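As the structure lists them, so they are numbered: ligands from 1, and atoms in each ligand from 1. Computed from heavy atoms alone, side chains included, the values below leave out hydrogens, waters and symmetry copies. Because the structure is predicted, anything quoted here is derived from the model rather than measured. If you read the sequence from its start, that first residue is 1, and numbering goes on from there.
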Amino acid sequence: MNFYYGLSETRVVVLGPPGSGKGTCAGFISKMYSIPVIRTGDMLRKVATEETERGRITKKHLDRGELVLDEIVIGIVSKRVRMPDCEEGFVLDGFPRNLVQAEALNRIQEDLGMGLSHVLNIVTDAETIISRLSLRRTCPRCGAVYHLKNNPTKMDEICDECGTKLILRSDDREEIIRHRFEVYEEKSRPLLEWYAKAGLVREMRGDLDINEIPEVLRQVLEGK
Ligand code: AP5
């Protein structure tokens with residue numbers, strides 16, 4: 001399949017293993033460029049609470065650290081990127097996750113006449129990830145991501161953005177984290193080659209101090 005380039009605003013795909021900092025970087029990019037973040041993990045955790053067949057299937061995959069079915073994820077993303085707030089750009093955190101999804105995104109781009117501007121690849125190792133995820137806390141309401149030591153909230157485990165009590169995700173147990181890492185290696189890593197062929201990949205270290213991230217992101221995305 002040919003890669004669709006089209007017009008590029010700031011349309012970023014963030015790739016990297018679980019816990020590498022995709023959500024954190026996507027949040028910074030969203031603020032820096034005033035564009036929405038599309039977080040498939042958050043959207044799917046919401047679907048998993050539905051009392052429907054789709055909800056039950058999604059919950060089963062999430063709890064095991066497996067990828068949720070392509071048709072469910074592609075349907076959700078396809079609808080979301082067509083919303084008016086995405087016209088000026090967006091950042092995709094957690095999509096695509098395999099080549100079927102990358103091809104689906106390519107078709108959506110072609111359909112909407114919009115190209116990706118960057119694919120940001122965050123590079124980290126498994127041990128950093130495991131120590132990080134056990135101390136991660138997320139906001140179940142707005143999706144903001146914190147870390148008890150490296151990126152704490154101002155008030156004890158209360159979201160700075162919306163005041164909601166933070167939670168520990170059910171898939172942040174060590175054996176599930178290790179399995180998510182294996183799934184990444186098998187299904188998601190091949191995406192790097194696909195996007196590298198299109199010349200879109202920019203690499204970034206995942207072990208930077210959190211305060212350094214916005215400036216490094218600016219350099220990586222704007223080539224400065
Ligand atoms: P998802 O919610 O996307 O999880 P993930 O990819 O496993 O990634 P994480 O959210 O765990 O980590 P992250 O890379 O965003 O890191 P974060 O910024 O939080 O997906 C969950 C599940 O949903 C999947 O397993 C799958 O089942 C399903 N799913 C999602 N998308 C799908 C798709 N397209 N197709 C099919 N299924 C799909 O950072 C981690 C922690 O480290 C935080 O506490 C943070 O504060 C801290 N931190 C970050 N950067 C730094 C730093 N530089 N220094 C110190 N601490 C840092």
Side-chain angles (χ1 to χ4, degrees), residues 13-30 37-48 57-78 80-81 91-102 104-105 120-126 128-140 143-153 157 159-160 166-174 176-189 191 204-217:
V13 164
V14 185
L15 297 179
S20 55
K22 297 185 296 297
T24 303
C25 289
F28 281 124
I29 296 171
S30 163
V37 191
I38 302 175
R39 299 185 196 276
T40 46
D42 285 355
M43 292 160 111
L44 292 169
R45 280 184 281 280
K46 206 166 271 172
V47 171
I57 295 172
T58 300
K59 183 169 181 340
K60 194 177 82 184
H61 286 90
L62 286 174
D63 287 348
R64 292 179 183 169
E66 298 288 349
L67 293 186
V68 172
L69 300 180
D70 288 333
E71 61 261 36
I72 295 179
V73 190
I74 292 167
I76 290 173
V77 173
S78 174
R80 180 65 186 90
V81 296
V91 47
L92 281 167
D93 165 13
F95 186 91
R97 220 68 171 213
N98 59 26
L99 288 168
V100 171
Q101 294 180 14
L105 178 60
L120 180 69
N121 180 37
I122 308 178
V123 184
T124 14
D125 61 84
T128 309
I129 285 166
I130 288 158
S131 71
R132 264 187 196 173
L133 290 185
S134 54
L135 293 180
R136 171 169 63 182
R137 296 293 180 273
T138 49
C139 176
V145 183
Y146 302 91
H147 187 274
L148 293 184
K149 271 212 304 229
N150 303 332
N151 184 24
T153 49
E157 298 197 35
C159 180
D160 291 344
L166 304 182
I167 56 161
L168 173 70
R169 268 169 45 178
S170 62
D171 58 349
D172 278 348
R173 299 198 317 271
E174 184 166 339
I176 305 289
I177 296 170
R178 288 194 189 277
H179 184 60
R180 282 159 59 204
F181 199 81
E182 286 163 11
V183 170
Y184 165 80
E185 288 294 330
E186 185 195 334
K187 308 265 169 65
S188 306
R189 191 178 278 285
L191 291 176
M204 180 174 154
R205 276 172 44 200
D207 60 352
L208 298 169
D209 184 280
I210 218 121
N211 299 310
E212 290 179 273
I213 294 178
E215 187 46 37
V216 173
L217 277 173

Legend entry - Identity and separation of the nearest protein heavy atom to atom 45 (C) of ligand 1: Thr24 OG1, 3.7 Å
Legend entry - pair Asn98-Leu191: side-chain heavy atoms closer than 4.5 Å: no
Inset, instruction - Indicate, as side chain, backbone, both or neither, the part of Leu135 found under 4.0 angstrom from ligand 1 when only non-hydrogen atoms are considered. - result: neither
Inset, instruction - Pull out every atom of ligand 1 sitting under 4.0 Å from any heavy atom of Asn150, numbered as shown with elements. - result: 55 (C), 56 (N)
Inset, instruction - Distance to 0.1 Å, residue and atom name: give those for the protein heavy atom nearest to atom 38 (C) of ligand 1. - result: Leu44 CD1, 3.5 Å
Inset, instruction - Heavy-atom contacts with Leu62 under 4.0 Å: which atoms of ligand 1 show up? List them by number with element. - result: 22 (C), 23 (O), 27 (O), 28 (C)
Legend entry - Element-labelled atoms of ligand 1 that are located less than 4.0 Å from some non-hydrogen atom of Gly94: 31 (N), 32 (C), 33 (C), 34 (N)
Inset, instruction - Show which atoms of ligand 1 fall inside a sub-4.0 Å distance from at least one heavy-atom site of Leu208. - result: 52 (C), 53 (N), 54 (N)
Legend entry - Minimum non-hydrogen distance to atom 1 (P) of ligand 1, winning option of Arg137, Arg180, Met204, Arg169: Arg169
Legend entry - Residue and atom name of the nearest protein heavy atom (relative to atom 5 (P) of ligand 1), distance in Å to one decimal: Arg97 NH2, 3.5 Å
Inset, instruction - Starting from atom 52 (C) of ligand 1, locate the nearest protein heavy atom and write down its residue, its atom name and how far away it is, to 0.1 Å. - result: Arg132 NH2, 3.2 Å
Legend entry - Heavy-atom nearest neighbour of atom 46 (O) of ligand 1 within options Lys60, Lys149, Lys59, His147: His147
Legend entry - N-O pairing of Arg178 and Glu182 below 4.0 Å: no
Inset, instruction - Distance to 0.1 Å, residue and atom name: give those for the protein heavy atom nearest to atom 15 (O) of ligand 1. - result: Gly23 N, 2.8 Å
Inset, instruction - Could you list the atoms of ligand 1 found under 4.0 angstrom from a heavy atom of Arg45? - result: 2 (O), 21 (C)
Legend entry - Ligand-residue contact atoms, ligand 1 with Thr40, heavy atoms, under 4.0 Å: 30 (C), 31 (N), 32 (C), 34 (N)
Legend entry - Subset of ligand 1 atoms that lie under 4.0 Å from at least one heavy atom of Val73: 33 (C), 34 (N), 35 (N), 36 (C)
Legend entry - ligand 1 versus Cys25: contacting region, heavy-atom distance under 4.0 Å: neither
Inset, instruction - Select one of side chain, backbone, both or neither to describe which atoms of Glu66 lie under 4.0 Å from any atom of ligand 1, heavy atoms only. - result: backbone
Legend entry - Selection from Arg136, Glu212, Lys22 by shortest heavy-atom distance to atom 10 (O) of ligand 1: Arg136
Inset, instruction - For Gln101, take its heavy atoms, then give the atoms of ligand 1 lying under 4.0 Å from any of them. - result: 33 (C), 34 (N), 35 (N), 36 (C)
